[in-house]
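The chains referred to below are lettered A, B, ... by the order of the sequence lines, with proteins before strands, and numbering in each begins at 1. What you are looking at is a predicted structure, and each value in this text was computed from that prediction instead of being measured.
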Protein chains: 2
Amino acid sequence: MFKELDPLLHSQLRLAIMSLLMSVDSAEFTFIKEQTGATAGNLSVQIDKLSEAGYIEVTKSFKGKKPLTTCAVTKKGLSAFENYVNALKQYINK
Amino acid sequence: MFKELDPLLHSQLRLAIMSLLMSVDSAEFTFIKEQTGATAGNLSVQIDKLSEAGYIEVTKSFKGKKPLTTCAVTKKGLSAFENYVNALKQYINK
DNA sequence: ATAAAGTAGTTTATAAAATAAACTAAAATG
DNA sequence: CATTTTAGTTTATTTTATAAACTACTTTAT
């Protein structure tokens, strides 16, 4: 039987966000937006979902006078990502 | 920028169907149902979608007196699957 | 000084998808 | 011969993804 694919991660945009965050300490909203090509609205929604699941930590502050949203993956998020990748391999490795 | 993940394949059940079909010549509806744990209704719908996209070929016949639906991956499906796996690697390989 | 345009997002509405429930039709079973 | 089972399909509901519209503030130009 096939392992279940965490629906929170099995989404192109959320997976891209997580993928990005895997390789950095933290990333700004605008950077993620650029890298993923997502609209701000969509990104905002998906970041919220990852945040509410405890997969990422979102910090809102200011860069000078502009709002600054920074995201970083949590231990829980890292573990979920690894699990997801692991499950996925069952589907794609021949 | 991240490559797009073929939405037809980026679905747990459809991906499982394709994954199964990759390793066999053809598979019966009931076999796919057992292996994936999907409900018949859901499976029927997803098989239709893959079929309409030309990713699989569906043959309806009879085994004795019972209806028999058989599925096999097409060249197009194989290529789409390979493309999908390739794109996916961009997300999950660190 | 203020109107216009840009930045950094959030909220809400809509479109698309996944899934299950209800249904059909025939066959096997008791 | 009535009930259950098999093999599916169709339809309805729920969930999701996504974009459009909006908010709040800042920078630039006049």
From [atom1] of [X] over to [atom2] of [N], roughly how many Å is that when rounded to an integer?
{"X": "B/I17", "N": "C/dT19", "atom1": "CD1", "atom2": "P", "value": "10 Å"}
{"X": "B/E52", "N": "C/dA17", "atom1": "CD", "atom2": "P", "value": "13 Å"}
{"X": "B/E34", "N": "D/dT6", "atom1": "CD", "atom2": "P", "value": "11 Å"}
{"X": "B/K33", "N": "D/dA7", "atom1": "NZ", "atom2": "C1'", "value": "9 Å"}

Legend entry - End-to-end axis angle, where each axis spans five pairs of the helix from C/dA1-D/dT30 to C/dG30-D/dC1, to 10°: 10°

Counting only N and O atoms by type, is there a donor-acceptor contact under 3.5 Å from the side chain of [X] to the main-chain atoms of [Y]?
{"X": "A/N86", "Y": "A/E82", "answer": "no"}
{"X": "B/E4", "Y": "B/A87", "answer": "no"}
{"X": "A/K76", "Y": "A/A53", "answer": "yes"}

Inset, instruction - Treating Ile, Leu, Val, Met, Phe, Trp and Tyr as nodes and any side-chain heavy-atom pair under 4.5 angstrom as an edge, say whether B/L21 and B/V58 lie in one connected cluster. - result: yes

Inset, instruction - Determine whether A/L68 and A/L20 fall in the same hydrophobic cluster, where Ile, Leu, Val, Met, Phe, Trp and Tyr are linked whenever their side-chain heavy atoms lie under 4.5 Å apart. - result: no

Legend entry - More than 12 heavy atoms from other groups under 6.0 Å of CD on A/Q35: yes

Legend entry - Nearest-nucleotide comparison on DNA chain D, the residue closer to the 5′ end among A/T39 and A/K65: A/T39

Considering all heavy atoms, the nearest [X]-[Y] contact:
{"X": "A/L9", "Y": "A/A80", "answer": "CD1-O, 3.4 Å"}
{"X": "B/Q12", "Y": "A/H10", "answer": "N-NE2, 3.8 Å"}
{"X": "B/I32", "Y": "B/L43", "answer": "CG2-CD1, 3.7 Å"}

Inset, instruction - Can you check each nucleotide of nucleotides 2-16 of chain C against protein heavy atoms at under 4.0 Å and return B for base, S for sugar-phosphate only, - for none, in 5' to 3' order? - result: -----SSBBBB----

Legend entry - CZ on A/R14 to OH on A/Y84, rounded to 0.5 Å: 10.0 Å

Legend entry - Within residues 2-14 of chain A: residues closer than 4.0 Å to DNA chain D (heavy atoms): A/S11, A/R14

Legend entry - Partner of A/L88 by side chain to side chain contact (heavy atoms under 4.5 Å, CB included), out of A/D6, A/N83, A/L5: A/L5

